[in-house]
Protein chains: 2
Amino acid sequence: MLEQKVNRNSHQREVILEELRMVKSHPTATTLYKLVSKRLPKISLGTIYRNLDLLSKRGVIQKLEVSGSVARYDGDTDKHYHICCTNCGRIDDIYHLPEELINIDLSKIEGYDVKGYHMNFYGICSDCRENQ
Amino acid sequence: MLEQKVNRNSHQREVILEELRMVKSHPTATTLYKLVSKRLPKISLGTIYRNLDLLSKRGVIQKLEVSGSVARYDGDTDKHYHICCTNCGRIDDIYHLPEELINIDLSKIEGYDVKGYHMNFYGICSDCRENQ
DNA sequence: GTCCCTGCAAACTCTTTGCATAAAA
DNA sequence: TTTTATGCAAAGAGTTTGCAGGGAC
């Protein structure tokens, strides 16, 4: 995972990146704002959004390509998939997937110059299965 | 494709459904609102949203599971995939996909009771390739 | 007549942006 | 000193909702 240099090394940006990398929960901007606020009580939501945008555009972090009204972010840029619990909304990582998925022949889709695909799984997480 | 009965047969709902089924463009609520307005000039956006929500909850139409800030709807509920042009934003249907994709072994994802997955392709459409 | 649905407008949520100030280099 | 980034607050976009009146059955 190569680290790209960002323009200026603001303290806020460092803390945002640290906190995002510290959690495995693919937080929303607001959730991350609450986490960061514990260390930087004066930070604003706007700064969170501006930095998440900047960092994801530079490939330092990842903005998840999932449907839904709220954007979610991931500090892990290694290739992996996500699975979302349709009951509680939590999102977990999937690192290992059946091999055949990785080698899809994208040339067969007519008209388009296909660049790639986004794939997300959904189901019921173990916590939700137990609590009912 | 079984048609489910909806509560009351309002004229607005019928027209919304007709117009949605008439286009292949996976419109947003606002786009559909403009289409429907030609036939029902007094209809409101709220009615569009309420009916799209009702119809998709009943499986009569489909709310697309694509990332992005605007919801898109599809009058075709047959199993198919979508490909989105990253340049102009248009969304096209994909009906034929390599066979191996259809038979993914979902049991291998730990912890979850996996119900399914959403998959969306992206690339450059032929129109955009020509116009540059 | 009953109850669902509509049009309208206001409210809400998430995100972006303008501006004056503060911080990095 | 120069330029970028921040905090704040207001604005924007998309969507939802409360309410009174209208339409389906």
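Computed from a predicted structure; not experimentally measured. What's counted below: heavy atoms across the whole structure, side chains too, no hydrogens, waters or symmetry copies. Here is the naming used below: chain letters follow the sequence lines, and residue numbers restart at 1 for every chain.
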Next item on the list: Compute the bend angle of the helix from C/dG1-D/dC25 to C/dA25-D/dT1 from the end axes (five pairs per end), rounded to 10°.
Entry: 30°
Separation of [X] atom [atom1] from [N] atom [atom2], in whole Å?
X       : N      : atom1 : atom2 : result
B/Leu54 : C/dT6  : CG    : C1'   : 13 Å
A/His11 : C/dA23 : NE2   : C1'   : 12 Å
B/Tyr33 : D/dA13 : OH    : C1'   : 16 Å
A/Ile48 : D/dA5  : CD1   : C1'   : 13 Å

Please state whether the phosphate of [N], meaning OP1 or OP2, lies under 4.0 angstrom from any side-chain nitrogen or oxygen of [X].
X       : N      : value
A/Gln12 : C/dA23 : no
B/Arg13 : C/dC5  : yes
A/Asn51 : D/dT6  : yes

Item checked: Aromatic A/Tyr117 / basic A/Lys79 pairing, under 6.0 angstrom, 45° off normal -> yes
Do [X] and [Y] have side-chain heavy atoms sitting under 4.5 Å apart?
X       : Y       : result
B/His80 : B/Gln62 : yes
A/Asp76 : A/Tyr95 : yes
B/Arg8  : B/Ser10 : no

Next item on the list: Check the side chains of B/His82 and B/Asp93 for a donor-acceptor pair under 3.5 angstrom, ignoring hydrogens and angles.
Entry: yes
Next item on the list: Using salt bridge (charged side-chain N to carboxylate O under 4.0 Å, His left out) as the criterion, list what pairs up with B/Lys115, not counting sequence neighbours.
Entry: B/Asp113
Notebook entry, point to check: Does A/Glu18 have any salt bridge (charged side-chain N to carboxylate O under 4.0 Å, His left out) partners at least two apart in sequence or in another chain, and if so, which?
Noted result: A/Arg39
For nucleotides 15-22 of chain C, list the nitrogen or oxygen atoms of the protein found under 3.5 Å from its nitrogen or oxygen atoms, one pair per line.
residue: C/dT15; atom: OP1; partner: A/Ala71; partner atom: N; Å: 2.8
residue: C/dT15; atom: OP2; partner: A/Tyr49; partner atom: OH; Å: 2.2
residue: C/dT15; atom: O5'; partner: A/Tyr49; partner atom: OH; Å: 3.1
residue: C/dG18; atom: O6; partner: A/Arg50; partner atom: NH1; Å: 3.3

Note to self: Give the residues of residues 34-44 of chain B touching DNA chain C, defined as any heavy atom closer than 4.0 Å, sorted by residue number.
What the structure shows: B/Lys42, B/Ile43, B/Ser44
Item checked: Full working for side-chain contact (heavy atoms from CB on, under 4.5 Å) between B/Leu20 and B/Leu52 -> CA-CA 10 Å; B/Leu20 179 58; B/Leu52 288 174; 4.3 Å; yes
Checklist line | B/Arg21 and B/Ile61: CA distance, side-chain angles, deciding distance, side-chain contact (heavy atoms from CB on, under 4.5 Å) verdict | finding: CA-CA 9 Å; B/Arg21 284 180 171 163; B/Ile61 66 170; 5.5 Å; no
Next item on the list: Indicate the atoms forming the closest heavy-atom contact of B/Ser37 with B/Ile43, along with that distance.
Entry: OG-CG2, 3.9 Å
Notebook entry, point to check: In chain order, what residues pass the ring-ring contact (aromatic ring centres under 6.0 Å, His included) check against A/His11, with sequence neighbours excluded?
Noted result: none
Next item on the list: Consider the side chain of B/Ser10, meaning its heavy atoms from C-beta on, and name the nucleotide among C/dT6, C/dC4, C/dA25 that approaches it most closely.
Entry: C/dT6
